Amino acid sequence: MTSPSAHTEPAVAGYLGIDIGSTATKAVAFAPDGTPIRGASVDYAISRPAADRAEQDARDWRNAAEECVAELARHTDLGSVRGIGVTGQVDTHVLVDEAGEPTAPALLWQDVRTSAVVESLNARLGPHGRAKGWASSQPIDASNPVPRALWLAEHEPAAWRRARWLLLPKDFINGWLTGEFASDPLASFKIANGAGYLPGIAEAPGLAERLPSLYEPDHPVGRLRRDWHGVRAGTPVATGTMDAYCDVLGSGLRQAGDTLVILGTTAVVATVGIGGTDGADVVTFAPYRGRQVHAAPTQSGGDSLRWWATATGHEVAGVLGAAGTAEPGAGGVIFAPHLLGERAPLWDTEVRAWFTGMHASTGFAELSRAVLEGVGYSVRELLDAVEAAAGARAERLVISGGGSRDPLWCQIIADITGRPARRTRNTDTAVLGAAVLAASADTGTDPWARAAELTQYDADYQPDRTVRTRYDQLYELYRSSYHALREVHGRLARLSS
């Protein structure tokens, strides 16, 4: 939780941004000109009842939002708030009843219990069937709402029958705040485009009637139905969109080739492209207000660092400190950060993480640096994919997310990709993006222009050309090791299931 504002009197807030994340909810009160006044954060747990499962109680999101805004109200005048914007983790779904209460635990984006359903769907439909039903021949993955609906209807029939809606986290919170249930096509990209839901949803009987209406992210989904810690009833609430897209808005991206690297729980690379392009290995969003964003999300970015710290009994700071004592290249050790299968650009639910290249002199420092570099190799692979989709080269990267607070990791990203990098001053760029959408819902202003005006940066990193050849070689080995181990990982996945 952040320290109080330096103002002697409570600052006056103009907009609230809220991010329902994977491990915490964050809220920030912004002044009318976009200056952050005060922030609050509340953590919660991820339940992992089985190796292929990741769940949360959606009521934890609601309670966390309540606590965050209550904390803001203790130090900030929220009576002048003119709009609320909510963003959140994407590919996480919760069944709720008519009153908006959960009927089953939410399935997180990391949950891959539907792997068997996905395998059957992909085999039956083939590339042609997927192109017809989903407007893309890209294989369906385990976080798609269609296989999840099929799984829930079969394995949780009582919860499925009681459910009125299948919602994303930010839509769950918006429904609680306003009583209105809706979503946006950007956050629902796997089953929707700019024109509405795709025909593929018919593969899951009963899903269509459980999906909410779609609106643009800056559309007012509804109004606050009660006073909320000083925020007045009737305040407009934006429909909002997914966290990664709000990160794009909150990082000041605007022109073709502008590219963002998010070092959060996941690693995500997103770029603004030339309209109408597409890429088989990345997510291409429907055009929004004259821009088309291509994004490539992984399963484990910062999560890899947290996993390694926990597995070795160290604090994250200790891991980062040790990594800083190892030479670039980690003594020839390569780590692949596929702890929960992988999304872009592999889209492989069976792949697993690995270390390779260890020898008798390998120590904790080398392994710790290898974890950071492994995420860096993953980022480079994502960058290659989004540039191909966007038809534009990223001349410079913008880095955000919690992992960006470590200068070593930022430098590693610059060195491995060979691109200059700039770090955002505001770590919580998704929250800023949500607040920008709140301002647009209130005033009708263009969110791209407003966000570009508000974004600030606090550090620049130039790639070290002396290590470029070393990293190029290791990156090629990183990629080839995936193909060499693919059959092994498939067999291991089948054994564990």
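Since we're looking at a predicted model, the values are computed, not measured.
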With a cut-off of under 6.0 Å to the ring centre and 45° to the axis, is Arg113 in cation-pi contact with Trp151?
yes

Are the charged groups of [X] and [Y] less than 4.0 angstrom apart, N to O?
X: Arg396; Y: Asp460; answer: no
X: Glu101; Y: Arg162; answer: no
X: Arg343; Y: Asp141; answer: no

Would you say Asp97 and Thr103 are linked by a side-chain donor-acceptor pair, where the criterion is simply a distance under 3.5 Å?
no

Say whether Gln299 and Trp109, considering side chains only, have a donor N or O and an acceptor N or O under 3.5 Å apart.
no

Criterion side-chain hydrogen bond (donor to acceptor under 3.5 Å, both in side chains) on Ser183 and Ser188, from CA distance to verdict
CA-CA 7 Å; Ser183 193; Ser188 302; 3.2 Å; yes

Euclidean distance, Asp77 CG relative to Leu72 CG, rounded to 0.5 Å
12.0 Å

Of all residues at least two apart in sequence or in a different chain, which pass the side-chain contact (heavy atoms from CB on, under 4.5 Å) check with Pro36?
Val28, Phe30

Using the side-chain contact (heavy atoms from CB on, under 4.5 Å) criterion, which residues pair with Arg419? Sequence neighbours excluded.
Leu383, Glu387, Arg393, Ala394, Leu397, Thr417

For Thr445, is there any backbone N or O sitting under 3.5 Å from a side-chain donor or acceptor partner on Ser440?
yes

Checking side-chain hydrogen bond (donor to acceptor under 3.5 Å, both in side chains) for the pair Trp61/Thr25: CA distance, chi angles, key distance, verdict?
CA-CA 7 Å; Trp61 308 333; Thr25 283; over 6 Å; no

Going by the salt bridge (charged side-chain N to carboxylate O under 4.0 Å, His left out) test, which pairs reach into residues 400-416, not counting sequence neighbours?
Arg405-Asp458

Does the side chain of Tyr478 reach to within under 4.5 Å of the side chain of Glu381, using non-hydrogen atoms?
yes

Test side-chain hydrogen bond (donor to acceptor under 3.5 Å, both in side chains) on Asp184 and Thr239; report intermediate values, then the result.
CA-CA 7 Å; Asp184 73 287; Thr239 300; over 6 Å; no

Go through Arg306 and Thr265 one step at a time and tell me if the side-chain hydrogen bond (donor to acceptor under 3.5 Å, both in side chains) criterion holds.
CA-CA 9 Å; Arg306 279 190 287 270; Thr265 302; 3.1 Å; yes

